[in-house]
Amino acid sequence: MIQLQAIRDNKEGIFIALKKRNIDAAPLLENVLQLDEKRRATQTLLDAILAESNKISKEIGILFKSGNTQEANILKEKTVALKEDSKKMADDLNATADELQALLYQIPNVPHESVPSGSSEDDNEEIFKEGEIPALISDALPHWDLAKKYDIIDFELGVKIAGAGFPVYKGKGARLQRALIAYFLDKNTDAGYTEIQVPHLVNEASGFGTGNLPDKEGQMYHIGEDDLYLIPTAEVPVTNIFRNEILDEKDFPVQYTAYTPCFRREAGSYGAHVRGLNRLHQFDKVEIVRVEHPKSSYEALNVMVEHVKNILRELKLPYRVLRLCGGDLGFTAALTYDFEVFSTAQDRWLEISSVSNFETYQANRLKLRFKDENGKNQLAHTLNGSSLALPRVLAAILENCQTGDGIQIPEVLVPYCRFEKIG
RNA sequence: GGAGAAAUGGCAGAGUGGUCGAAUGCACUAGUCUUGAAAACUAGCGAGGGUCACACCUCCGGGGGUUCGAAUCCCUCUUUCUCCGCCA
């Protein structure tokens, strides 16, 4: 959530920045400031009442101790009215604070200055492109047909067991998937990330901390019986490691990587472009998460981008990097780079990674702080990125590496797969 | 799942109705001493709100209640430990 102090300090700047998201935040911001003022005024009144009643209580204590019951009882009566007042005032304060909080939740993160304005994904800015788009063989197939041809992914079987969007990987398909996970984790570890394994179910507080709740409630599977949510990404459990923590400056940079399955309801996103592996309810992903000093978070973001580039380069997949425009930028992100690989047989780009800096937006919700050089607690910056999301990488490998003689596994994966070819 | 015990500052651990945001020890930070370090000594050392800065307010696992007054009493939830049951 946005920092209230930021709005107090720079309402105009925030208003202008939020225009990139095509929202007119002026009324919202004005409302926030008014409620903030009201909240503080109410707090001041309440504090005065509480101070008075604390004082009287102490006097009563002293009187009782010295045996002066009569005078104590007189003082007691004085507190009755104070109590009523404070109760009323406290209710008032809570109501105002809740209202203020609700407004703050509605405000998305302030886009970084480099974020281009724009209304949809068409306005995203391509900043980098690399890799050869392979010439297709004459009878090239999309990955869902290849999956069937080589019997490596069974979508119908998944429907039988769970439903649409839960494919079953078989034989070399399963092996290739496992190889990719191991390869990604190794690359991340080599780059300084510590591998961790985290719960795949999280509680409400965790969902809230990363901003998945309450905004994106409908996108997560919820287990009512135990009030737990299946994670939509490892970002949620990993980032929540730091909920309510105060780090030391020397703890930076915090770098974690985790493989987890990811569960997404994808409510309302059926239709074209969701065939095969393009959009699933359950998929595998390897995630990288960093917690950074505000001074160096954008440097860290660039390091992450270079890291993901490097992986795609090794896999020899054609890809491009986009800087998301204001209209396409996620609610909680300040700056996001999307990575897309070219899926040759589908003749389209597939998003396979999203690398973002959330600045203090998540940290504010998480209460993730660090002690700065002056001994003051301030919010840290959180960042994360996929390195990488599996199904679309798999789809791209199948499609781009198909030959008349089967699917040629990228060289770097061969030691992990222990086979060179499918088919 | 059943029975019992517990939850206090970074850690350990006092505190069972009244100046308690909380003794004490360890850790940590700064200073004195020292060629330097250690030891010793001195001071500081939880979080949030509020203020120009103070004052002041809130927080002793979470929530609610009793009371003039709650870390302390009551209810409830969560978690941990011990015992029993079940079990990969």
Side-chain angles (χ1 to χ4, degrees), chain A residues 1-9 32-104 197-209 213 222-229 237 240-252 254 291 360 362-380:
Chain A
M1 129 182 94
I2 193 165
Q3 289 183 81
L4 182 55
Q5 192 61 47
I7 302 177
R8 280 193 210 153
D9 293 344
V32 163
L33 287 180
Q34 272 174 22
L35 277 171
D36 176 42
E37 213 161 294
K38 186 177 166 199
R39 205 216 83 230
R40 277 187 288 168
T42 313
Q43 173 102 59
T44 304
L45 289 173
L46 174 63
D47 283 358
I49 296 167
L50 289 176
E52 173 71 8
S53 104
N54 284 345
K55 208 178 94 196
I56 294 176
S57 288
K58 276 174 190 166
E59 282 169 20
I60 291 173
I62 292 163
L63 286 173
F64 269 125
K65 249 186 188 163
S66 62
N68 199 340
T69 339
Q70 207 177 359
E71 235 175 279
N73 282 326
I74 293 168
L75 276 182
K76 260 197 198 184
E77 275 166 40
K78 266 179 78 178
T79 63
V80 175
L82 281 176
K83 239 189 143 181
E84 254 172 52
D85 283 357
S86 75
K87 198 165 166 49
K88 225 183 294 166
M89 205 61 79
D91 288 346
D92 209 21
L93 179 68
N94 286 337
T96 309
D98 287 351
E99 206 180 329
L100 177 60
Q101 193 80 326
L103 283 185
L104 288 173
Q197 297 188 0
V198 290
H200 298 168
L201 276 72
V202 294
N203 57 28
E204 193 181 353
S206 294
F208 181 82
L213 289 173
H222 181 223
I223 298 170
E225 181 108 30
D226 299 291
D227 200 15
L228 292 169
Y229 295 84
N240 270 281
I241 290 171
F242 300 99
R243 175 153 46 88
N244 281 323
E245 294 294 329
I246 300 175
L247 302 176
D248 214 90
E249 273 200 2
K250 63 174 185 281
D251 294 332
F252 293 129
V254 173
V291 182
T360 59
Q362 289 183 328
N364 195 24
R365 287 185 158 209
L366 292 160
K367 300 211 182 344
L368 163 51
R369 294 150 293 168
F370 69 97
K371 211 167 270 300
D372 67 18
E373 68 266 25
N374 302 317
K376 279 197 69 177
N377 293 331
Q378 57 169 296
L379 295 171

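Every heavy atom of this structure was used, including side-chain atoms; hydrogens, water molecules and symmetry mates were not. In what follows, chains are A, B, ... by sequence order, proteins preceding strands, each numbered from 1.
In this structure, B/C83 forms a base pair with B/G2, meeting either the Watson-Crick or the G-U wobble geometry with both donor-acceptor distances under 3.5 Å. Judged by Watson-Crick or G-U wobble contacts below 3.5 Å, the nucleotide B/A7 has B/U78 as its partner. With both pairing distances under 3.5 Å, B/U35 is matched to nothing as a Watson-Crick or G-U wobble pair. Pairing for B/U42 goes to B/A30, judged as Watson-Crick or G-U wobble with the two contacts each under 3.5 Å. Judged by Watson-Crick or G-U wobble contacts below 3.5 Å, the nucleotide B/G21 has no partner.
Of the candidate nucleotides B/C68, B/U51, B/C57, B/C68 has the atom lying nearest to any side-chain atom of A/F64. Counting only heavy atoms from C-beta on, A/K83 has its side chain closest to B/U67 among B/G50, B/U67, B/C57. Set against B/A47, B/C56, B/G18, the side chain of A/R369 has B/A47 as its closest nucleotide. The A/S57 side chain lies nearest to B/G69 when the options are B/U19, B/G69, B/C56.
Between A/S86 and A/I49 the shortest heavy-atom distance is CB-CG2, 3.7 Å. Listed here is the closest heavy atom pair of A/N364 and A/I2: ND2-O, 3.2 Å. Annotation for A/A363 and A/A380: closest pair CB-O, 3.1 Å, computed over non-hydrogen atoms.
Atom CG of A/D36 is separated from atom P of B/G49 by 11 Å (rounded to the nearest Å). Taking atom NZ of residue A/K38 and atom P of nucleotide B/G49, one finds them 21 Å apart after rounding to whole Å. At whole-Å resolution of the value, CG in A/L50 and P in B/A55 are 17 Å apart. Following rounding to the nearest Å, A/R40 (CZ) and B/G49 (C1') show an atom-to-atom distance of 10 Å. One interatomic measurement links the two molecules: CG of A/L93 to P of B/C56, which rounds to 20 Å at whole-angstrom precision. Rounding to whole angstrom units, CG of residue A/D47 and P of B/G48 are separated by 17 Å. Taking atom CG on A/L63 and atom P on B/C68, their separation rounds to 15 Å, with Å as the unit. With rounding to whole Å, A/M89 atom CE is found 14 Å from B/C57 atom C1'.
Rounded to the nearest Å, the gap between the C1' atom of B/G61 and that of B/A7 is 6 Å. Rounded to the nearest Å, the gap between the C1' atom of B/U80 and that of B/U8 is 15 Å. B/C41 and B/C26 are spaced 9 Å apart, taking the P atom of each and rounding to whole Å. B/G62 and B/A3 have their P atoms separated by 26 Å, with the value rounded to a whole Å. Between B/A47 and B/C11, the distance separating the two P atoms is 13 Å to the nearest Å. For B/U78 and B/U67, the C1' atoms lie 27 Å apart once the distance is rounded to whole Å. Of the C1' atoms belonging to B/G46 and B/A71, the separation is 15 Å, rounded to the nearest Å. Atom P of B/C20 sits at a distance of 15 Å from the matching atom of B/U58, rounded to the whole Å.
Within the nucleic acid shown, A/K371 comes within 4.0 Å of sugar-phosphate atoms alone, with no base atom in reach, counting heavy atoms only. Base contact: A/I60 has a heavy atom under 4.0 Å from a base atom. Nucleic acid contact class of A/T79 (heavy atoms, under 4.0 Å, all strands): sugar-phosphate only.
Note on A/N73: every side-chain N or O is 4.0 Å or more away from OP1 and OP2 of B/C68. An OP1 or OP2 oxygen of B/G69 is reached within less than 4.0 angstrom by no side-chain nitrogen or oxygen of A/N54. For the OP1/OP2 pair of B/G49 and a distance below 4.0 Å, the side-chain nitrogens and oxygens of A/R39 include no atom meeting the criterion. In this structure, A/R8 reaches the B/G50 phosphate: one of its side-chain N or O atoms is under 4.0 Å from OP1 or OP2.
Both A/G61 and A/A48 lie near RNA chain B, and the one whose nearest nucleotide falls closer to the 5' end is A/G61. For the pair A/K76 and A/G375, both in contact range of RNA chain B, the more 5′-proximal nearest nucleotide belongs to A/G375.
Residue-environment remark: CD (A/Q101) exceeds the threshold of 12 foreign heavy atoms within 6.0 Å. Environment of CD in A/Q5: crowded, with over 12 heavy atoms of neighbouring residues, nucleotides or ligands closer than 6.0 Å.
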Subject >> Derivation and outcome, side chain to side chain contact (heavy atoms under 4.5 Å, CB included), residues A/R8 and A/L4 >> reply: CA-CA 6 Å; A/R8 280 193 210 153; A/L4 182 55; 3.9 Å; yes

**OP:** Kindly determine whether A/D91 and A/K88 satisfy salt bridge (Lys or Arg N to Asp or Glu O under 4.0 Å), including the steps that lead there.
**Re:** CA-CA 5 Å; A/D91 288 346; A/K88 225 183 294 166; over 6 Å; no

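With a 4.5 Å cut-off on side-chain heavy atoms, A/I56 and A/I60 count as touching. No side-chain heavy atom of A/K83 sits under 4.5 Å from any side-chain heavy atom of A/S53.
A heavy atom lying under 4.0 Å from RNA chain B marks the following residues of residues 240-249 of chain A, by number: A/I246.
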Side-chain donor/acceptor pairs under 3.5 Å, residues 365-372 of chain A, sequence neighbours excluded:
unit_1, atom_1, unit_2, atom_2, d
A/R365, NH1, A/F208, O, 2.9
A/R365, NH1, A/L213, O, 3.0
A/R369, NE, A/K367, O, 3.4
A/K371, NZ, A/N377, OD1, 3.1
A/D372, OD1, A/N374, N, 2.9
A/D372, OD1, A/G375, N, 3.1
A/D372, OD1, A/K376, N, 2.9
A/D372, OD2, A/Q378, NE2, 3.0

